[in-house]
Amino acid sequence: MKKYINTLCFMCSVRCPIQVEVENEQVISIRGNPHVPAMNGGVCPKGVAAMAALNDTQRVQSPLIRTGERGSGQWKRVSWEEALDYTADRCKAIFDKYGAKSAVYCERANLISDISKSFQKAIGSPNHFTHDTVCKGSINTACRSMIGYTDGQINADWTNAKHVVLYGRNVFESVEIKAMNSFMAALEKGTKLTYIDPRVTITAAKAHDYKMIRPGGDLAFNYALMNIIIKEKLYDAPYVKRWVEGFNELSRFVDPYTPEWAEKETGLPAAEIVSLAREVSRVKPAVVFHYGYRGSHHPTEVYFRRSILILNALIGSIESKGGLFIKKGLKDAGYKAGLKTFSSQKFPEMEDKRRFDGCGQDKFPIADPAHGVGFMFPHAVINEDPYPIKVLFAFRYDPLLSNPDYNTNMKALQKLDLIVASDVNFGATTAMADVILPESFFLERSDPLQMGSGLKPAINRRIACVRPRFDTEPMWWIVKQLADRLGVGQYFPYETAEDIWKYQLADLDIKIEDFDETGSVSLSDKAIWWDRNDGINFKTPSGKIEVVSDLMESHGIPSLPAYEPLDRQPDAFRLMCGRCVAHTNVMTQNNLYLNHLVPENRLWINDRRAKELGIADNDRIEVASNAGKGEMRAFVTDLIHPEAAFMLHGFGHKEVDSKRSYGKGVADAMLQERHHDKIGGSPALDHTWITVKKL
Amino acid sequence: MGDYIITTNPKRCIACHACEIACKSENNIPLEATLGKIVVLGPKMVNGKPKMSSVFVPCFHCEKAWCLEACPTEAIRRREKDGLVYIIESLCVGCKACIMACPWHIPQWNAETGKAIKCDLCMDRIDQGLEPACVSVCPTDALSFGRPEELSDKTRETYAHGLLERNLSATSVR
C-alpha cells in the first residue's frame, strides 16, 4: 500500500520539510511537504538524490573495526555488540590514564545535538564542537556582540524585503527552498537584489546589480556605505536614537572611510557605493544586508560581520518588516515551557573544565562554547595544549576535509589513540577511523523533535519512512549504548524515538499524534513581530544594538579598530572556496546522481591572468600554497576577479571505499593555510594565497 | 508534444537539474541517459552584466513522429487519447532506428536492457492526475505543465493583470 510520510530532509543542514511516497518499503518519490506552501511542492537535486543515497551499496553497511593501516579500507565486519564493547573498553582504558577530557566529540549540529552534548557532560568531558564553528563561528560572535542573539536566532524577511544586499551569500545555489522561493516571489514583485562577490554565481545572474569586488574588499565597502549613510543622514534617525548604542563613536570612526578611499580597496567606483547607500535608504527599513554565509572569511571576519549588522542597524531593519527578524519560540507564542532537553539534567561536576579550544575561556573568551572552535582541534592534539587529547568521536562530521590544512589535520588524527566515527558514508575522517558505528540514513530513522523557531514558530518531526537497508542504527541509540557501557546510561532515559518525543513534550500540551497529519505542530497562525518602536528584546547588557559592544570591550577587544588592509601578492591568487547546488559540504560527492552532475572541482581563474600563465581552459594545472598542493583542471573564465581563484569545497576525496568520488579534484582544505579569526574563532577560509602553473 | 506542453520560465530556473535527477531516479533510467534535459546558457557576461537563460527539452511527442515511423517492430506507439508517443519495452529489439531517425536523437539507449528508452511525459503519472516528475519536482516552479490552450490564456492573463495593476496604482498616485 502506498503511504505519504511527512518528514525532514537531511541531504543538507537546511532540513527542508519533505513528503516521501513509499510503497512496499521502497521510496517512490520525494517532494516538498505540501502542507508548507513555500516549498512549492518541489525539492532540490540533493533532496531527490536521497533515493540513490538510501540504496547505495557504497554506504557503511555494518559496524566495522579497522584491521589494516588507518585509511587503508581494510575492515572487519562486526556485530553492534562487539563494536560498542570494543569502543567502550578502549575509552575506559584511555580515560583511566588521561581522564574523560581527553575525548573530543565533534558533530554537524543537528537534531541530536542535545543528546550528544549530554553524552560529553555525562562522561565528564568539556570538549564538544560542531561544524558550525567552521562556517559561522565569527558570524555567531559578531551577532552576539551586537544584539545578544546568535546568527541562528535571526533570519531575513525575504518575502517583504524591498532591497536585499548579499555578500557571496549564494542563495540560488545553496537552495534553502522556503527562503529561496519567498525571495524569488519578492523579486518578481520588484524587490531589488545587489550581489557582491569576486565570482559570478547563479545568484549574480539573478541580481539587478552585480558587483565584482576585489577579494576581501567587503569590509572597506561597508565602511564606505556607513560613511555616506551617516554623512548624508540616510539612516533611520528615530530607530538609531532608540536602539543603537555607540552611534557617535561610529560616526567618528567611519569619517575617514570615504567611498573614494574604498574605491582603492574594493575596485568598485565610489559613485556606485554612494548610489547604493541612497537606494537602500529610500526603501528603509525593508532592507536586508545579509550577514552570512561565505564571503570574506579573513582573520578580520568578526569585524566584517559586525559591519553588515551595523548597516542593518543604521537602516532600522532589525525586527522590521522586510528586514531582519529575531526568531520567536514557544515562549513568544504564549507557551510557558519549551521542549525539555536532556542536557539540562544535573550532571556530575567536571574535574577539569578547561576546554581543548579555550572557547569561552582563555583563548577565545567571546566565541560561543555551544559550538566551540573546531579550528583548534589539531593544535590541541599535536601540542597537547592544554592537555593530551586521545579520543575523537567524529559523529556525522568530517573535520579532516572541513577544516583548513589537511596535512596538519591528518597529523593530528594520526596522533590519536582512538578515532570513533559515525557516518552514513565513508567520509574522509570516517575512513581513518578505528571503529565505525554506522548511522541510519535520514529516511530510515526517527530523530528528536526540532524546534522550528521563526516568525511563525512550529515544532517539526523527522520520522522513519522505510526500514534500514543495512545494519545501521540511529545516532541517539548509538550514543545511549556507549553511555550504558561507560556507566552513565541513566542520563539517556529512552528506548525508542517515541520515548524521546514524549520526554521533549513533557512540559507541553502537545501530543505525538498531533504531528501525524502534516509533520509539524504550528504554534502561531500569524507572524510574531515585536514593536520596533519600543518592544524589541535585544539581549545585550544595554538592551540595545551595541555598535560599541560590552561583550567585546569588557574582554579588552576593541569594537571599532582601525581598518587594516589585507596584504597583496600580485603574482599569486587569493583562494576562495564555496558551494554549488549539487553538493553539501563534503558529504554528497559520492552520491550516484550528484557525482554525475558535478563530478569534480576545477580551479576558476580569470582569463587574462590565465593567458599570462599560458593556461587554457581545461588544462591540467598544479595549484600550490604554503600548506599543500594538488593537481586539477582549470576553468578559465571572465566570471572571476583577476586577483581571485575559486574552487568548490568538498572534493579531493581519498577514501578508497567511496569509489565514485575517489581522487576527483582537489580539497580546498589541502591548500588552505591555518589562518583564523582570533576573536570569532572561524578559520579564515578565503585568506590563502596560491600559485598556479600549467602541467 | 501530444496534447500537452512543458514550458520553462528562465527567470525562475536556477539550473539545479532536479528535473533531470527526478526523471532518472523515479523512472529508473540509467545514469547516462537524460530523457528530459534542462539546457542552460550561462552565467555569461553580456555587456558587462552576468546573464543566464535556460530551456527544458523533453521529447516533443511529434504529430508525425520520426521515431515511430522508423520502428520496424511497432514497439513505438502513440496513445489515442492524448497523442503521447511511447515505447513498449517488450517489443523493442534494440535496433536503434528510432535514435537515428529522430532529428534531436531524443530516444536514448539503455545499455542494461539493450533497448531504446524515451520520455513518455510520465504518462502513468498523468493518468493519476499528476504532473510529470520533472515538472513536479522543480523547487522554484520554473517548469509548467499544461495544455497549450491553457498556457496561452494563463500567460496573457498574468501579463495583462500585471499591466492593469501598474496602471491602476499609477492612476491612484496621481
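Side chains are part of it too, since the values below use all heavy atoms of this structure and drop only hydrogens, waters and symmetry mates. Letters A, B, ... mirror the listed sequences (proteins, then strands); counts begin at 1.
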Does [X] have more than 12 heavy atoms from other residues, nucleotides or ligands lying within 6.0 Å of its [atom1]?
X         : atom1 : result
Lys118(B) : NZ    : yes
Lys211(A) : NZ    : yes
Lys178(A) : NZ    : no
Glu149(B) : CD    : yes
Lys51(B)  : NZ    : no
Lys189(A) : NZ    : no
Gln128(B) : CD    : yes
Tyr662(A) : OH    : no

*How would you list, in number order, the residues of residues 32-43 of chain B that have a heavy atom less than 4.5 Å from chain A?*
Glu32(B), Pro43(B)
_Residues in residues 7-24 of chain A near chain B [non-hydrogen atoms, under 4.5 Å]_ = none
Is the closest side-chain heavy-atom distance between [X] and [Y] below 4.5 Å?
X         : Y         : answer
Lys44(B)  : Asp638(A) : no
Glu26(B)  : Ile30(A)  : no
His596(A) : Glu20(B)  : no

*Criterion side-chain contact (heavy atoms from CB on, under 4.5 Å) against Ile21(B), the qualifying member of Val48(A), Leu592(A), Asn591(A)*: Val48(A)
Name the option with the most non-hydrogen atom pairs under 4.5 Å to chain B; the candidates are [options].
options                                    : answer
Leu639(A), Val175(A), Thr203(A), Leu187(A) : Leu639(A)
Met184(A), Met51(A), Met212(A)             : Met184(A)
Leu597(A), Thr637(A), Val27(A)             : Leu597(A)

*In terms of heavy-atom pairs under 4.5 Å with chain A, which of Ser136(B), Ala22(B), Gly162(B) leads?*
Ser136(B)
*Find the one option among Ala18(B), Cys138(B), Pro139(B) whose heavy-atom pairs under 4.5 Å with chain A are most numerous.*
Pro139(B)
_Would Ile202(A) and Met52(B) count as a side-chain contact (heavy atoms from CB on, under 4.5 Å) here? Give the steps._
CA-CA 8 Å; Ile202(A) 301 284; Met52(B) 65 181 286; 3.8 Å; yes
*Non-hydrogen atoms of Tyr593(A) and Ser25(B) that approach each other most closely*: OH-CA, 3.2 Å
*Calculate, to the nearest 0.5 Å, the distance between atoms CZ and OG belonging to Arg125(B) and Ser29(A) respectively.*
6.0 Å
*Rounded distance (nearest 0.5 Å) linking atom CD1 of Ile14(B) with atom CD of Glu173(A)*: 8.0 Å
At a 4.5 Å cut-off on heavy atoms, which part of [X] comes close to chain A: side chain, backbone, both, or neither?
X        : answer
Asn28(B) : neither
Cys16(B) : both
Lys49(B) : side chain

*asked:* What verdict does the salt bridge (charged side-chain N to carboxylate O under 4.0 Å, His left out) test give for Lys11(B) and Glu188(A), after you've listed the backbone C-alpha separation in whole Å, the side-chain angles of each residue and the deciding distance to 0.1 Å?
replied: CA-CA 9 Å; Lys11(B) 282 192 174 158; Glu188(A) 284 176 344; over 6 Å; no
*asked:* Walk me through whether Val137(B) and Arg31(A) qualify under side-chain contact (heavy atoms from CB on, under 4.5 Å).
replied: CA-CA 6 Å; Val137(B) 81; Arg31(A) 292 292 184 274; 3.7 Å; yes
*asked:* Between Arg12(B) and Asn181(A), is the side-chain contact (heavy atoms from CB on, under 4.5 Å) condition met? List the steps.
replied: CA-CA 9 Å; Arg12(B) 280 192 157 255; Asn181(A) 280 327; 4.2 Å; yes
*Is a side-chain N or O of Lys206(A) found less than 3.5 angstrom from the main chain of Cys13(B), in a donor-acceptor match?*
yes
